[in-house]
Structure formats: C-alpha cells, structure tokens
Amino acid sequence: MVFQRIRDMREDADLKQNDMAKILHCSQQAYSNYELGQRDIPTDILIALAEYHKTNVDYLLGLTRNKTYYKDM
C-alpha cells in the first residue's frame with residue numbers, strides 16, 4: 001500500500017519521479033524502486049515524504065486513512 005500511496009501523492013502534486021528524487025536527495029532509480037516496492041523506504045525518506053505532502057507516516061504506511069498532518073493537530 002505504501003508504494004501506491006507515494007505514487008498517487010506524487011502524481012497528485014504533478015511531479016515526476018526525478019523531481020521527487022531531487023526533493024528527497026536520492027537518485028531517480030532509488031525513488032522508482034520505492035514506488036515499485038523493490039526497495040524498503042528508509043525512515044528518513046518516509047518522514048521527508050510525509051512532511052513534503054503534509055500528511056503523516058501512518059497514512060503513507062497504510063495504517064490509517066486519516067491524512068491529517070501531525071503538525072496541524
């Protein structure tokens with residue numbers, strides 16, 4: 001589920017994989033592997049994704065359907 005959610009959020013933001021990779025300071029190939037589920041996403045990348053998309057890590061991991069950004073609580 002995390003793989004689909006990060007892809008959907010990237011597409012909703014009208015970003016290409018290369019754009020997201022630059023934001024996260026990783027290669028496009030590494031980011032592609034995250035979206036395809038071929039590589040585990042490191043904790044620091046998960047946090048950066050949640051902060052960029054203004055959501056929470058639990059949402060990205062599929063543990064909740066609540067997208068509320070923790071800083072908005």
Side-chain angles (χ1 to χ4, degrees):
M1 178 164 287
V2 63
F3 317 114
Q4 187 63 43
R5 285 200 172 165
I6 65 169
R7 179 180 176 191
D8 290 345
M9 294 187 93
R10 175 183 58 79
E11 290 175 346
D12 290 346
D14 293 323
L15 296 171
K16 295 181 181 184
Q17 284 185 347
N18 196 46
D19 300 327
M20 201 72 239
K22 286 179 184 177
I23 291 165
L24 298 172
H25 307 288
C26 67
S27 69
Q28 183 274 327
Q29 185 61 51
Y31 184 79
S32 176
N33 288 337
Y34 300 149
E35 281 193 3
L36 294 171
Q38 295 176 346
R39 187 172 177 183
D40 287 336
I41 304 172
T43 304
D44 60 324
I45 298 290
L46 275 172
I47 292 167
L49 282 165
E51 288 181 345
Y52 181 82
H53 292 295
K54 303 287 190 246
T55 190
N56 60 72
V57 173
D58 284 351
Y59 175 76
L60 293 178
L61 295 173
L63 299 174
T64 183
R65 287 189 245 172
N66 182 355
K67 292 183 181 182
T68 304
Y69 186 43
Y70 73 95
K71 290 185 179 179
D72 292 340
M73 294 180 164

[atom1]/[X] to [atom2]/[Y] distance, rounded to the nearest 0.5 angstrom?
X: Gln17; Y: Glu11; atom1: CD; atom2: CD; answer: 9.0 Å
X: Asp58; Y: Thr68; atom1: CG; atom2: OG1; answer: 11.0 Å
X: Cys26; Y: Asp44; atom1: SG; atom2: CG; answer: 9.5 Å
X: Thr55; Y: Glu51; atom1: OG1; atom2: CD; answer: 11.5 Å
X: Met20; Y: Ser32; atom1: CE; atom2: OG; answer: 14.0 Å

* Hey, does the side chain of Asn56 reach the backbone of Asn66 with a donor-acceptor pair shorter than 3.5 angstrom? ->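 Yes; at least one donor-acceptor contact below 3.5 Å.
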* Asked: Any donor-acceptor pair under 3.5 Å linking the side chain of Arg5 with the backbone of Tyr59?
  -> yes
* For the residue pair His53 and Asp12, establish whether any side-chain heavy-atom pair is separated by less than 4.5 Å. =>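 Side chain of His53 against side chain of Asp12, heavy atoms only: no contact under 4.5 Å found.
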Where do [X] and [Y] come nearest, in terms of heavy atoms and distance?
X: Leu46; Y: Leu60; value: O-CD1, 3.7 Å
X: Pro42; Y: Tyr34; value: CD-OH, 3.5 Å
X: Leu15; Y: Tyr52; value: CD1-OH, 3.5 Å

* Look at the side-chain heavy atoms of Ile, Leu, Val, Met, Phe, Trp and Tyr, link any pair under 4.5 Å apart, and say whether Tyr69 and Met9 land in one connected group. => no
* Counting only heavy atoms not in Asp8, do more than 12 sit closer than 6.0 Å to its CG atom? ->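 Yes, the 6.0 Å shell around CG holds more than 12 heavy atoms from other groups.
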* To do: Could you check Leu36, Ile41, Ile6, Asp19 and say which one makes a side chain to side chain contact (heavy atoms under 4.5 Å, CB included) with Tyr31?
  =>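 One option only clears the test, and that one is Ile6.
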